[in-house]
Amino acid sequence: ETGVTQSPTHLIKTRGQQVTLRCSSQSGHNTVSWYQQALGQGPQFIFQYYREEENGRGNFPPRFSGLQFPNYSSELNVNALELDDSALYLCASSPVPGQSYEQYFGPGTRLTVT
Amino acid sequence: AQSVTQPDIHITVSEGASLELRCNYSYGATPYLFWYVQSPGQGLQLLLKYFSGDTLVQGIKGFEAEFKRSQSSFNLRKPSVHWSDAAEYFCAVGAASGTYKYIFGTGTRLKVLA
């Protein structure tokens, strides 16, 4: 059974640029959640995708957007990057919402904005 | 509002000593509770979880946690710490109102003295 994978592992962007992060969910999981973990903080919920639709959103501006594909993989897009967007971005997958209360995390993508 | 508090930002223990990491939560319903460990530059590894039943739960690496509803706590314990336990530990509550998501505490960084 393949776990949650994320790409790239690290990347460096300049303020104002746009970035796309990718996540492949664990086999059999059709729900993907994204979290932002700033340095020295706990992860914070960005949004969740289920059946290719946004299924809830945390307190993040619209320049954070996402997609989910028919194979349940997902992308997180951030436009107009700001220095404060520098963080570890974690993807988590889970079965049908409500079927399991455990989310399975990927290794994360470390984004640095200069 | 739903929240998780980890009162100790840093804890230092000697190798072989016992460990207790504190976690308090605020949640209106029966919580789903988790402890994760994160090594530097790494993603999150699940140590243990509580959904229901026995309030003392066993996890990996010799960790255990006790759910105390009256105190809204879910403290993590280990009887004898190993140098490899040095890492950051996060407590999380699974919030089932609306979109199911995790709410994390700010973490406790554990240092182990040889």
Side-chain angles (χ1 to χ4, degrees), chain A residues 3-7 9-10 21 23-24 26 29-51 53-60 66 68 87-112, chain B residues 1-10 21-25 27 29-53 57 59-60 67 74 87-110:
Chain A
V4 178
T5 60
Q6 293 185 244
S7 62
T9 306
H10 298 86
L21 310 182
C23 170
S24 291
Q26 185 164 317
H29 290 182
N30 57 14
T31 302
V32 174
S33 302
W34 287 91
Y35 293 80
Q36 180 197 64
Q37 186 181 13
L39 195 63
Q41 299 296 316
Q44 290 197 322
F45 176 72
I46 303 174
F47 45 53
Q48 183 180 94
Y49 276 82
Y50 170 60
R51 291 184 174 177
E53 298 282 337
E54 188 178 289
N55 187 44
R57 188 176 187 93
N59 189 28
F60 281 81
Q68 187 179 33
L88 179 68
Y89 288 84
L90 296 163
C91 166
S93 75
S94 52
V96 174
Q99 187 177 94
S100 166
Y101 298 105
E102 186 173 346
Q103 298 185 352
Y104 298 79
F105 285 86
T109 293
R110 172 79 57 189
L111 171 64
T112 302
Chain B
Q2 302 151 356
S3 65
V4 175
T5 301
Q6 293 181 246
D8 305 303
I9 298 174
H10 294 97
L21 303 182
R22 297 183 291 166
C23 172
N24 293 97
Y25 66 89
Y27 187 65
T30 301
Y32 305 106
L33 296 161
F34 306 85
W35 274 100
Y36 285 87
V37 61
Q38 186 177 42
S39 298
Q42 301 298 309
L44 298 172
Q45 181 181 21
L46 178 67
L47 286 175
L48 47 77
K49 60 192 176 189
Y50 172 78
F51 289 167
S52 64
V57 293
I60 62 171
F67 170 59
F74 188 56
E88 186 133 27
Y89 292 79
F90 292 95
C91 180
V93 61
S97 58
T99 302
Y100 180 75
K101 59 184 178 291
Y102 284 10
I103 298 170
F104 285 87
T106 51
T108 297
R109 182 167 296 280
L110 174 65

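Quick note on labels: first sequence line is chain A, next is B, and so on, each numbered from 1.
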Task: Choice from B:Leu44, B:Ile103, B:Leu46 maximising heavy atom contacts with chain A below 4.5 Å - done: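 Ranked by heavy-atom pairs under 4.5 Å with chain A, first place is B:Leu44.
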
Open item on the list: So, taking the atom named CD in A:Gln103 and the one named NZ in B:Lys49, what distance separates them when rounded to the nearest 0.5 Å?
Closed with: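 Going from the CD atom of A:Gln103 to the NZ atom of B:Lys49 covers 12.0 Å.
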
Task: B:Tyr102 OH to A:Glu102 CD distance, which is reported to the nearest 0.5 Å - done: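 So the OH of B:Tyr102 and the CD of A:Glu102 are separated by 5.5 Å.
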
Open item on the list: What part of A:Gln6 gets within 4.5 angstrom of chain B, counting heavy atoms only: side chain, backbone, both, or neither?
Closed with: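 Neither; nothing under 4.5 Å.
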
Open item on the list: For B:Ile9, I'd like to know if atom CD1 has over 12 heavy atoms of other residues, nucleotides or ligands within 6.0 Å.
Closed with: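 Open: at most 12 neighbouring heavy atoms sit under 6.0 Å from CD1 of B:Ile9.
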
Open item on the list: Going by side chain to side chain contact (heavy atoms under 4.5 Å, CB included), name the residues that satisfy it together with B:Tyr89, two or more places apart in sequence or in a different chain.
Closed with: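 So B:Tyr89 forms a side chain to side chain contact (heavy atoms under 4.5 Å, CB included) with B:Leu21, B:Trp35, B:Val37, B:Leu47, B:Phe63, B:Leu76, B:Asp85, B:Ala87, B:Leu110.
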
TODO: Give a yes or no on whether the backbone of B:Lys101 and the side-chain of A:Gln48 come within a donor-acceptor separation of less than 3.5 Å.
DONE: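 No, because the side chain of A:Gln48 does not come within donor-acceptor range (under 3.5 Å) of the backbone of B:Lys101.
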
TODO: Could you look at B:Glu88 and say if it's the side chain, the backbone, both or neither that has a heavy atom under 4.5 Å from chain A?
DONE: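 Neither part, no heavy atoms under 4.5 Å.
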
- [ ] Take the angle between the ring planes of A:Tyr35 and B:Phe104 and call it parallel below 30°, perpendicular above 60°, tilted in between.
- [x]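 Perpendicular.
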
- [ ] Would you check if B:Phe90 and A:Gln41 make a side-chain contact, meaning some heavy-atom pair closer than 4.5 Å?
- [x]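 With C-beta onward as the side chain, the pair stays apart.
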
